[in-house]
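Heads up: the structure comes next, in structure tokens.
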Amino acid sequence: MGTDRQKVLLIDGNSIVNRAFYALPPLTNSSGVHTNAVFGFTTMLLKVIEEEKPTHFLVAFDAGKVTFRHEGYAEYKGGRQKTPPELSEQFPLLKELIGAFSIQQFELPGYEADDIIGTLARMAEEQGQEAVIVSGDKDMLQLASDGVTVLLTRKGVSEVERYTPEEIANRYGLTPAQIVDLKGLMGDSSDNIPGIPGVGEKTALKLLADYGTVENVLDHQGEIKGKLGENVRNNADSARMSKKLATIFREVPMDWTWDKLAWSGYDPSQLEAGLRKLEFRSLIERLDLYAAGAGGAAEETEAVEYVAVLEDKDWEALNRDLRKADLFIVESHGDNPHQSEGIAIAVATPEQIYLLTYEQLLSQEASELKEWLADASKGKTGYDLHRAELVLARSGIELRGQEFDVQLAAYLLDPTEADPSLTGLLQRHGQRAIPSDEAIYGKGVKFKLPARDVLFSHLAAKADAVRRLAGPLAKELDETGMKTLYYELEQPLAGILAGMEKQGIRTKAEALEELGKEFQTGIDRMMTNIHRLAGMEFNIGSTRQLGEVLFDKLGLPSGRKTKTGYSTDAEVLERLAPYHEIVQLILNYRTLTKLQSTYIEGLLKEIRPEDGKIHTYFRQTIAATGRLSSQFPNLQNIPIRLEEGRQIRKAFVPSEEGWLILAADYSQIELRVLAHISGDEGLKEAFRNEMDIHTKTAMDVFGVTAEQVDSNMRRQAKAVNFGIVYGISDYGLSQNLNITRKEAGDFIEQYLSAFPGVRKYMDDIKEQARIDGYVTTLIGRRRYLPDIKASNFNIRSFAERTAMNTPIQGTAADIIKFAMVRMDEALKARGLRSRMLLQVHDELVFEVPPDELDTMKELVPAIMAEAVPLDVPLKAEVNVGLNWYEAK
DNA sequence: GAGATCACG
DNA sequence: ACGTACGTGATCTCC
């Protein structure tokens, strides 16, 4: 090691701590002091120490408010929000923590951390040593060189990006020295550096590509055409000053020598004491694990005995015990189960836990274990069996006999519970804790597989935890009347969803690309026009910049405000449209960029090259009402309302030649459910007579005959119906219909008088929620509403609306889930080749061979209509086409 | 990570 | 007097 180059790690303290503060959720210690920024800072330190293995170390801070930069420009860093007390109270803790790491810290009045770091990095270079800078501030890139690498935090502080001069050249086409020219031209709003108005990153990069430096741009200012040239000429001084402000001063007078920066690592016991004081228990746990064999980390968790399958005799024991096995855990890494990697597997009998690496599972020797997994007669308990099925399937391993899933059971017992992890479940059910996954693996990019024995013992603890939870959870399902819901609906559905996801839906990349080209033409044209009408270039996607252009520059009447500034959402813009032609362009631009980024680019990324299909992941344990959600990508929000977006659906096609897409959707399922659970005679009668429900509502609300209902009355009645389903309020309805609150209140009163059963339901359900603390759907799915008794009006009102809405939305979710289970049975029983592909809350999408078309057109709506018998008929409408667009 | 916005039912 | 419609997920910007 002696001849190795030494390496100094230089940390921009203020920048990192700020990022950490905003990136992490609030976190306080037992005395109420915030610690989130310190926590983030600590995890960052641990990560860079491990990855960079520095020999020298320093954390630099800004000192005080005024620096030499203010001498030339008093407004420097003006307009900044002052540091919130939740952050400033963390600085003493932070400095103490850095001390616990035995790391030196330094600040110097009149200079910023950047300048200190720049000076020390220069020193490292002069000594022929290496420097690594960690910051959240792009300005630091100017310091990069052969010997100086800059790590910029990306998301929060958990990820860093490594910038060498090559990387900067790749990304921006600039040398490190040109970073200050970039800032000089584009400015930096966060430091209140003006730059040249109308010049953003794109324009600045273009100018630098042509002229290289700010000075050279200014020397050739005469050549620059148009509005841009005018801006350059009028703001030459501003550009020069901005460049100067952005330039890091590398000659800070300080008496540090290279040797004085030396760091020989932290003292584990001193660090542990520091972390304990901050109450960062999870970090202590992690440190103990990293310190391989440091011992004494067990705390309250108890080691669980297990057999690591290593030798022949272990395989023999495992295979012999398989007939008694009833529980397993597949450990995998990654959020998307269609991509996540298997890590290891635990298999357990009531007496013994066996541990194998995922690699071992894939080996020939595990053939009996794979048979066990695929054996439907071997009932299995686990945690997130749906995910396990997908992970195993990618390795060609089948899973059958799913009997009990503690995650799914826990979701039914309390669907709003935020932490569905095993660790969280144990805590809520009064069971002995186990270390969290995060403590074992780290989080995000810090993910790291621990040594095998650490991994195995963690997995053994998880398997043991699942076993300890399974009994009590099953009992609770029984006690709360959710046994049928679990065993007849949710558990079977999990496998059906996995099947749909594995099947996937064929998606034509060319169709999306073609459409994307059209969208891009529109986007380019609109962007040019918007910039022209605004008289400057700006980022239309930035609500802040857009607000400034619209309200400050163009002087349009500003409407609603958000926490961060002017609101510019579609509702606000639509009101502004008559004042300036730019507004409509912005609305159209928004529509197209949304389609382009989310649906064209987003979906293209999700098409798997192996089969040309998109495989979504339906999440069964997320929505508080019992609905499914769809992720990676979300296929439940593919555009339909506007024709331009609807075109996207043409890309979704059958996966077999000559087959067709069949889509069936429930007609007015939520209002039919309302008719059933409220028992309102008028509403029930309307559905029994197959009336148009919005027309019927209009008749009763406006007191007219069917013939007298015009389209406007029907539109308003439709909004009333939506309002009823959402848990009506006069304010909400008035917003939606753009009428006064009084008028909206009158509509609601009319409605409730016309449908007295609904009024009674709305009153009763709120009362029920107050008495029981929860509401239920038709088949007993629960949602707890603790806020129903809140003294705060807003919070309480929200809970009341939820009480009114959840039984309706939730029962509709129950119904379509039952239909899916019945549908799956019917397809199998009849030996049909048709496949169920998607569920979109009230719609099921299939791909169907032509010879089954007639059968399916009958079967699907029949099963959907009969899924759950109500006091009113349920109706499903079927459409067929060559793609999802045509199946309308 | 949070907030704003917008896509769906 | 209070000031929101119910339920999701993806993308982008900003600190």
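So that the names make sense, note that chain A is the first sequence line, chain B the second, and so on, each numbered from 1.
- Distances from the side chain of A:Ser597 to the nucleotides B:dT5, C:dC12, C:dC6 place C:dC12 closest.
- Residues A:His841 and A:Ile669 have side chains not in contact (no heavy-atom distance under 4.5 Å, counting atoms from C-beta outward).
- The A:Arg544 side chain lies nearest to C:dC14 when the options are C:dC14, C:dG3, C:dA5.
- For A:Thr598, whose side chain is taken as the heavy atoms from C-beta onward, the closest listed nucleotide among C:dT11, B:dA7, C:dA5 is C:dT11.
- Side-chain proximity of A:Arg19 to C:dC15, C:dT8, C:dT13: nearest is C:dC15.
- Set against C:dA5, B:dG9, B:dC6, the side chain of A:Gln809 has B:dG9 as its closest nucleotide.
- Contacts of A:Asn637 with the nucleic acid, taken as non-hydrogen atoms under 4.0 Å apart, include base atoms.
- Residues A:Arg783 and A:Thr806 bring a donor and an acceptor atom of their side chains to less than 3.5 Å of each other.
- Taking the side chain of A:Leu733 as heavy atoms from C-beta on, and the options C:dA5, C:dC2, B:dG9, the nearest nucleotide is C:dA5.
- Backbone-only engagement by A:Ser630 is indicated by non-hydrogen atom pairs under 4.0 Å involving sugar-phosphate atoms exclusively.
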Annotated structure of DNA chain C as dot-bracket, pair cut-off 3.5 Å, Watson-Crick or G-U only, | for inter-strand, is .....|||||||||.
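- By the side chain to side chain donor-acceptor pair (under 3.5 Å) test, A:Lys875 is found to be paired with A:Glu690, residues two or more places apart in sequence or in another chain being considered.
- Using a 4.0 Å heavy-atom distance criterion, A:Val840 is classed as a sugar-phosphate-only contact.
- A:Arg741 comes within 4.0 angstrom of a nucleotide base, judged by non-hydrogen atoms across all strands.
- The aromatic rings of A:His615 and A:His338 lie tilted to each other, with the angle between the two planes from 30° to 60°.
- At the heavy-atom level, A:Ala744 lies nowhere under 4.0 Å from the strands shown.
- Residue-level contact check: A:Thr806 touches neither bases nor backbone, having no heavy atom under 4.0 Å from any strand.
- For A:Gln545, counting side-chain heavy atoms from C-beta on, the closest listed nucleotide (C:dG9, B:dC6, C:dC14) is C:dC14.
- Each of B:dT5, C:dG3, C:dG7 was ranked by its minimum atom distance to the side chain of A:Asn794; first place goes to C:dG3.
- Between B:dC6, C:dG3, C:dT11, one nucleotide has an atom nearer to the side chain of A:Asp569 than all others, and that is B:dC6.
- Rounding to the nearest 0.5 Å places CG of A:Asn588 at 4.5 Å from CD of A:Gln584.
- Nucleic acid contact class of A:Tyr731 (heavy atoms, under 4.0 Å, all strands): base.
- Contact annotation for A:Asp665: no contact, since no heavy-atom pair falls under 4.0 Å across all strands.
- In this structure, the side chain of A:Arg544 does not engage the main chain of A:Tyr566 through any donor-acceptor pair within 3.5 Å.
- Contact annotation for A:Gly723: base contact, defined as any heavy-atom pair under 4.0 Å involving a base atom.
- Minimum atom distance to the side chain of A:Thr564 is reached by B:dG3, of the listed C:dT8, C:dA5, B:dG3.
- Backbone-only contact: A:Arg590 has heavy atoms under 4.0 Å from sugar-phosphate atoms and none from a base.
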